[in-house]
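We number each residue from 1, following the sequence as shown.
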Amino acid sequence: MKKRFLSSILCAAMVAASIAGCGSAAPAPAASEAPAATIEEAEAPKAEAPATEDAGSEKLVVGFAQIGQESGWRDAETMSIQTYAAEHTDTVELKFADAQQKQENQIKAIKSFIEQDVDVIGLAPVVETGWDQVFAEAQDAGIPIILLDRTADVDESLYATFIGSDFIEEGKEAAKQMAELIGGKGKIVELEGTVGASAATDRKTGFDEEIAANYPDIEIVASQTGDFTRAQGKEVMESFLKSNPDIVGVYAHNDDMALGAIEAIKEAGLKPGEDIVTVSVDGVKGIFEAMVAGEANCTVECNPLLGPLFFETAAKLKNGESVEKWVKSVDGVFTSDIAADVIDSRAY
Ligand code: GYE
């Protein structure tokens, strides 16, 4: 109990520090620097461009190859991008492709953006490998690529920048939170994200390494992919529970899978949040509701509201300005103790 209390103070302090940081930070990078819960401002409609603006100035044309609709997090990101475009039709044109979870569809979309000669291509790579050729084609056509929210395993010269979180750090933080929740010992299971996705590979590496290095009495007895979806999170958790009846915790690489796992735990006649604790990543509304209901324990935030920063970065690239190779999001950690206090301020 004491530990939980301390962790809630830590969370509250982090939130306070982030809010303070938000207020004093420079406006453009603030979208990524601020915790998602406090950046609604970045999504607010901007003032219309003045009528005097050069009527002949070209719009920024951006193609974005989205992964699909696997999670609440993904939907929030899509909404952030589309809302920004809809609110800036005077300066921005968005060509949006939903690849329905398939790399081949993302590659087709990129090729079509190249044919249409867009100014900048944005991509959330469903998996890390297999991009060299199509990225080289974009480079030959003089079109910069922005990697949004997931990284690609290619030479750095093939893309302009990566905008997103540090998944290894998220995994390490999740491990610390899990250890605290279960008192440093016990058997736990891990629900992995999409096989080959940077967000899954790194969240696993960070978590597993932190446990192995610092918590010898915690054993990860099973680890399997649930593809970042609620349905598969539930399905995999059902089989975990059958073969490992004595587990005390579940770590899920995203909240949607944790929400699926919570359903499975309940159907097995156990109490999620008590008999089996949950730690997951993202910070979507659904996990806050579960925490308020006492059925989930902790989420490590990962900001999906990247639309404004994405377009601002694309505009810089079009103007030939330099951008950092990694624009890192700074995210918070939320435990059930403070969920009720912050749930209304959550923007996604
Ligand atoms: O955590 C998960 C989504 O790439 C960071 O993808 C993103 C991850 C996010 O499906 O919910």
Side-chain angles (χ1 to χ4, degrees), residues 1-19 35-40 71-76 165 169-183 186 188-191 193 203 207 226 228-231 233-234 237 241 247-268 270-305 331-348:
M1 227 32 229
K2 193 170 166 210
K3 278 185 179 165
R4 284 193 190 195
F5 180 62
L6 280 176
S7 124
S8 86
I9 291 176
L10 177 72
C11 285
M14 285 177 78
V15 171
S18 312
I19 290 168
T38 60
I39 70 167
E40 281 134 299
S71 65
W73 190 99
R74 183 72 43 207
D75 294 345
S165 299
E169 273 311 311
E170 289 174 348
K172 283 187 193 299
E173 185 57 42
K176 288 177 197 155
Q177 296 291 331
M178 175 62 79
E180 192 166 303
L181 283 161
I182 63 175
I188 59 170
V189 289
E190 180 169 353
L191 289 166
R203 282 174 187 167
F207 186 89
F228 280 129
T229 69
R230 190 170 177 149
K234 183 180 179 200
M237 190 65 185
L241 287 166
I247 52 172
V248 294
V250 54
Y251 163 51
H253 292 184
N254 80 345
D255 292 339
D256 280 65
M257 292 190 294
L259 291 166
I262 287 168
E263 287 175 35
I265 295 167
K266 282 195 211 169
E267 284 172 21
L270 295 166
K271 280 194 179 148
E274 284 182 32
D275 298 330
I276 297 177
V277 303
T278 77
V279 177
S280 49
V281 187
D282 276 356
V284 299
K285 200 63 146 231
I287 206 73
F288 276 85
E289 285 161 1
M291 285 197 285
V292 171
E295 295 181 342
N297 302 81
C298 178
T299 186
V300 177
E301 186 184 39
C302 180
N303 179 17
L305 305 180
D331 304 304
V333 180
F334 298 92
T335 51
S336 52
D337 316 61
I338 65 161
D341 294 337
V342 299
I343 188 165
D344 290 338
S345 66
R346 299 298 300 168
Y348 64 98

Item to check | Criterion side-chain contact (heavy atoms from CB on, under 4.5 Å) on Ile188 and Val279, from CA distance to verdict | outcome: CA-CA 11 Å; Ile188 59 170; Val279 177; over 6 Å; no

Next on the checklist: Testing Val342, Asp341, Ile343 one by one against Ser345 for a side chain to side chain contact (heavy atoms under 4.5 Å, CB included), which residue passes?
Outcome noted: Val342

Checklist entry - Should Asp275 and Ile265 be marked as a side-chain contact (heavy atoms from CB on, under 4.5 Å) after you check the CA-CA gap, both sets of side-chain angles, and the distance that decides it? => result CA-CA 9 Å; Asp275 298 330; Ile265 295 167; 5.7 Å; no

Next on the checklist: Using only atom types and a distance under 3.5 Å, with no angle test, would you say the side chain of Asn297 pairs donor to acceptor with the backbone of Gly273?
Outcome noted: yes

Next on the checklist: Contact between Asp282 and Ile287 at the side-chain level, heavy atoms closer than 4.5 Å - yes or no?
Outcome noted: no

Next on the checklist: Do His253 and Leu191 make a side-chain contact, defined as non-hydrogen atoms from C-beta onward lying under 4.5 Å apart?
Outcome noted: no

Next on the checklist: Do Val248 and Val277 make a side-chain contact, defined as non-hydrogen atoms from C-beta onward lying under 4.5 Å apart?
Outcome noted: no

Item to check | Considering all heavy atoms, the nearest Thr335-Cys298 contact | outcome: CG2-SG, 4.0 Å

Checklist outcome for this item: Closest non-hydrogen atoms of Gly283 and Tyr348, given as atom of the first, atom of the second and distance, are O-CE1, 3.4 Å

Checklist entry - Could you walk me through whether Phe207 and Met178 pass the side-chain contact (heavy atoms from CB on, under 4.5 Å) check? => result CA-CA 10 Å; Phe207 186 89; Met178 175 62 79; 4.2 Å; yes

Item to check | Trp73 CH2 to Glu301 CD distance, which is reported to the nearest 0.5 Å | outcome: 11.5 Å

Next on the checklist: I'd like to check Gln177 versus Glu173 (side-chain heavy atoms, cut-off strictly below 4.5 Å). Are they in contact?
Outcome noted: yes

Item to check | Distance-minimising heavy-atom pair for Leu305 and Asn303 | outcome: N-OD1, 2.8 Å

Next on the checklist: With a sphere of 6.0 Å drawn around NZ of Lys271, does it hold more than 12 non-hydrogen atoms of other residues, nucleotides or ligands?
Outcome noted: no

Item to check | Least distance between heavy atoms, Gly72 atom then Val284 atom | outcome: C-CG1, 4.0 Å

Checklist outcome for this item: Quick note, side chain to side chain donor-acceptor pair (under 3.5 Å) partners involving residues 254-266, not counting sequence neighbours, are Arg230-Glu263, Asp255-Ser280, Asp255-Thr299, Lys266-Glu295

Checklist entry - Do Val300 and Asp331 come within less than 4.5 Å of each other through their side chains, counting heavy atoms only? => result no

Checklist outcome for this item: Output for pair (Met237 CE, Thr278 OG1), nearest 0.5 Å, gives 9.5 Å

Item to check | Counterpart residues, side chain to side chain donor-acceptor pair (under 3.5 Å), relative to Glu289 (two or more places apart) | outcome: none

Checklist outcome for this item: Residues Phe288 and Arg346: closest non-hydrogen pair is CE1-NE, 3.3 Å

Item to check | Lys/Arg-Asp/Glu bridge criterion (N-O < 4.0 Å) met for Arg203, Glu190 | outcome: no

